[in-house]
Q: 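The structure is given below, and queries will be raised subsequently.
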Amino acid sequence: MNTPFSIAIHGGAGTIHKHQMSNEKELAYKTALSTALNKGYEALEQGKSALDAIEIATITLEDSPLFNAGKGSVFTNKGTHEMDASIMEGESLFGGAVAGISGIRNPIHLARKVMEESEHVFLVGEGATNFAKEQGFSFESEQYFYDELRYQQWQEALKAGVVQLDHSPLKEDKFGTVGAVACDQFANVAAATSTGGMTNKKYGRVGDSPMLGAGNYANNKTCAVSCTGSGEFFIRGVVAYDVSCLIEYKGLSLAKACEEVVQKRLVNIKGDGGLIAVDPQGNVCLEFNTEGMYRGMKTSSGTEFIGIYR
Ligand code: ASP
């Protein structure tokens with residue numbers, strides 16, 4: 001029996017205008033998105049799990065300097081990089097998350113280790129770092145995460161005394177947070193989200209990305225969701241879980257549930273951003289209320305799409 005499978009990815013949502021983008025830059029983003037999408041899709045095609053596919057796609061995005069996650073993470077107030085990530089599997093409802101970690105090349109891989117190798121769900125800061133060491137992770141120098149444009153962003157935010165969302169109107173031309181959701185050939189869904197958070201953040205600020213239910217969620221009964229946007233609002237809106245709840249309790253379709261949450265409930269509390277979602281039938285939804293969202297999707301029924309603007 002041919003069961004449908006599909007994958008979707010995002011590289012952040014925000015005020016992304018075509019006129020701000022050179023052709024070269026647009027091509028670089030599209031190429032990076034398409035590489036990640038295809039790596040994840042190939043895994044699904046080979047019969048691998050949704051969990052493997054989203055991890056591969058997310059790692060590919062984390063390794064690109066273009067997105068605010070892994071290598072491309074923004075600077076904190078102290079000039080460091082503190083990353084957050086989470087992963088969740090829809091069959092078992094197992095999940096893993098890390099927040100405020102530094103030096104780890106692929107935070108999503110550490111989140112998966114938390115899920116599979118620890119008895120916990122969420123590890124932060126020093127404790128997460130110690131766990132990573134125990135798991136044999138190697139640590140990158142600050143130099144690995146250095147990016148001239150990110151540095152300039154931080155300097156401006158420092159001067160202005162603001163904590164800046166990567167996709168806020170004040171921002172420069174780099175946008176952030178990455179994520180992937182997939183439905184595999186066995187109708188299992190999974191979700192991953194990874195971010196460097198906000199430029200110039202302090203006090204150990206953590207956004208929605210590593211919070212299961214807020215920025216990331218997966219449940220075989222309903223859907224898998226990965227979010228990007230103004231994290232504080234996504235936390236208060238419990239956005240990813242809200243999409244799942246509308247499907248489970250109200251019987252909405254994936255598309256209707258995503259639309260309701262992103263275009264109504266989130267807008268009502270003044271949250272901006274978007275999300276990607278799949279359901280166990282392989283349906284995909286890419287929904288956002290901002291000018292744009294770096295996004296892509298590919299399904300076994302032959303639909304393929306990479307987009308940036310509305
Ligand atoms: N949601 C992320 C955060 O608040 C930021 C983003 O999606 O760009 O940390």
Side-chain angles (χ1 to χ4, degrees), residues 8-16 29 33 58 61-62 64-77 80-86 97-102 107-108 111 122 124 149-150 153-154 157 162-181 191-217 225-243 261-262 266 269-277 286-295 308:
I9 58 168
H10 71 76
T15 322
I16 312 167
Y29 276 112
L33 287 169
T58 306
L61 293 167
E62 284 179 340
S64 164
L66 293 173
F67 306 103
N68 174 19
K71 184 165 176 55
S73 292
V74 296
F75 282 86
T76 67
N77 184 256
T80 56
H81 300 90
E82 287 177 8
M83 300 168 286
D84 310 327
S86 65
V98 290
I101 54 159
S102 299
I108 202 64
F122 203 160
V124 302
L149 218 124
R150 292 288 187 220
Q153 276 182 333
W154 172 49
V162 294
V163 181
Q164 199 165 307
L165 252 181
D166 209 28
H167 45 66
S168 73
L170 285 171
K171 60 86 194 83
E172 308 227 348
D173 49 4
K174 282 198 167 191
F175 304 87
T177 296
V178 304
V181 291
T193 308
S194 179
T195 189
M198 293 169 91
T199 298
N200 205 29
K201 65 183 176 182
K202 48 185 178 177
Y203 314 120
R205 182 262 180 191
V206 175
D208 61 315
S209 308
M211 292 184 194
L212 300 184
N216 199 62
Y217 188 70
V225 181
S226 170
C227 303
T228 174
S230 43
E232 279 68 10
F233 297 86
F234 280 70
I235 294 171
R236 287 160 47 208
V238 204
V239 166
Y241 187 60
D242 203 19
V243 172
V261 171
V262 175
L266 201 49
I269 58 169
K270 299 193 168 30
D272 64 337
L275 56 81
I276 53 172
L286 315 168
E287 191 78 42
F288 54 101
N289 62 26
T290 44
E291 297 297 326
M293 180 166 81
Y294 293 101
R295 62 201 187 278
I308 299 179

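First listed ligand is number 1; within each ligand, the first listed atom is number 1. Quantities reported herein were computed from a predicted structural model and do not represent experimental measurements. Every heavy atom of this structure was used, including side-chain atoms; hydrogens, water molecules and symmetry mates were not.
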Q: Could you tell me whether R205 and ligand 1 have an N or O pair separated by under 3.5 Å?
A: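 So ligand 1 has an N or O lying under 3.5 Å from an N or O of R205.
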
Q: Considering only heavy atoms of T177, which atoms of ligand 1 have at least one such atom less than 4.0 Å away?
A: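 Counting from 1, the qualifying ligand atoms are 2 (C), 5 (C), 6 (C), 7 (O), 8 (O).
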
Q: Under the rule for side chain to side chain donor-acceptor pair (under 3.5 Å), what residues qualify as partners of T76, not counting sequence neighbours?
A: T80

Q: Using a plain distance cutoff, I'd like to know if M198 has any nitrogen or oxygen under 3.5 Å from a nitrogen or oxygen of ligand 1.
A: no

Q: Looking at T228, which atoms of ligand 1 are within less than 4.0 Å of one of its heavy atoms?
A: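 The atoms of ligand 1 under 4.0 Å from a heavy atom of T228 are 6 (C), 7 (O), 8 (O).
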
Q: With side chain to side chain donor-acceptor pair (under 3.5 Å) as the test, would you mind laying out the steps for T193 and S86 before giving the verdict?
A: CA-CA 5 Å; T193 308; S86 65; 4.8 Å; no

Q: Quick check on G12 - does any of its heavy atoms sit under 4.0 Å from an atom of ligand 1?
A: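 False for this residue.
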
Q: Quick one, N200 and V162 - any side-chain contact, counting heavy atoms below 4.5 Å?
A: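 No, too far: nothing below the 4.5 Å cut-off.
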
Q: With nothing but distance in play, are any N or O atoms of G207 less than 3.5 Å from an N or O of ligand 1?
A: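 No: no nitrogen or oxygen of G207 is under 3.5 Å from one in ligand 1.
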
Q: Decide whether the shortest distance between a heavy atom of D208 and an atom of ligand 1 is less than 4.0 Å.
A: yes

Q: For F233, what residues pass the ring-ring contact (aromatic ring centres under 6.0 Å, His included) criterion, not counting sequence neighbours?
A: none

Q: Quick one about D84 and T195 (side-chain donor to acceptor, distance below 3.5 Å, no hydrogens or angles considered), yes or no?
A: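 No pair is found: no donor N or O on one side chain lies under 3.5 Å from an acceptor on the other.
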
Q: Would you find a donor on one side and an acceptor on the other, under 3.5 Å apart, between the side chain of N216 and the backbone of S226?
A: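 Looks like no, no N/O pair under 3.5 Å.
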
Q: Out of all atoms in ligand 1, which are within 4.0 Å of some heavy atom of S209? Include the element for each.
A: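 Those of ligand 1 that fall under 4.0 Å from S209 are 1 (N), 2 (C).
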
Q: Quick check, are the ring centers of H81 and F75 under 6.0 angstrom apart?
A: yes

Q: Could you tell me which atoms of ligand 1, counted from 1 in the order shown, lie closer than 4.0 angstrom to a heavy atom of G197?
A: 9 (O)

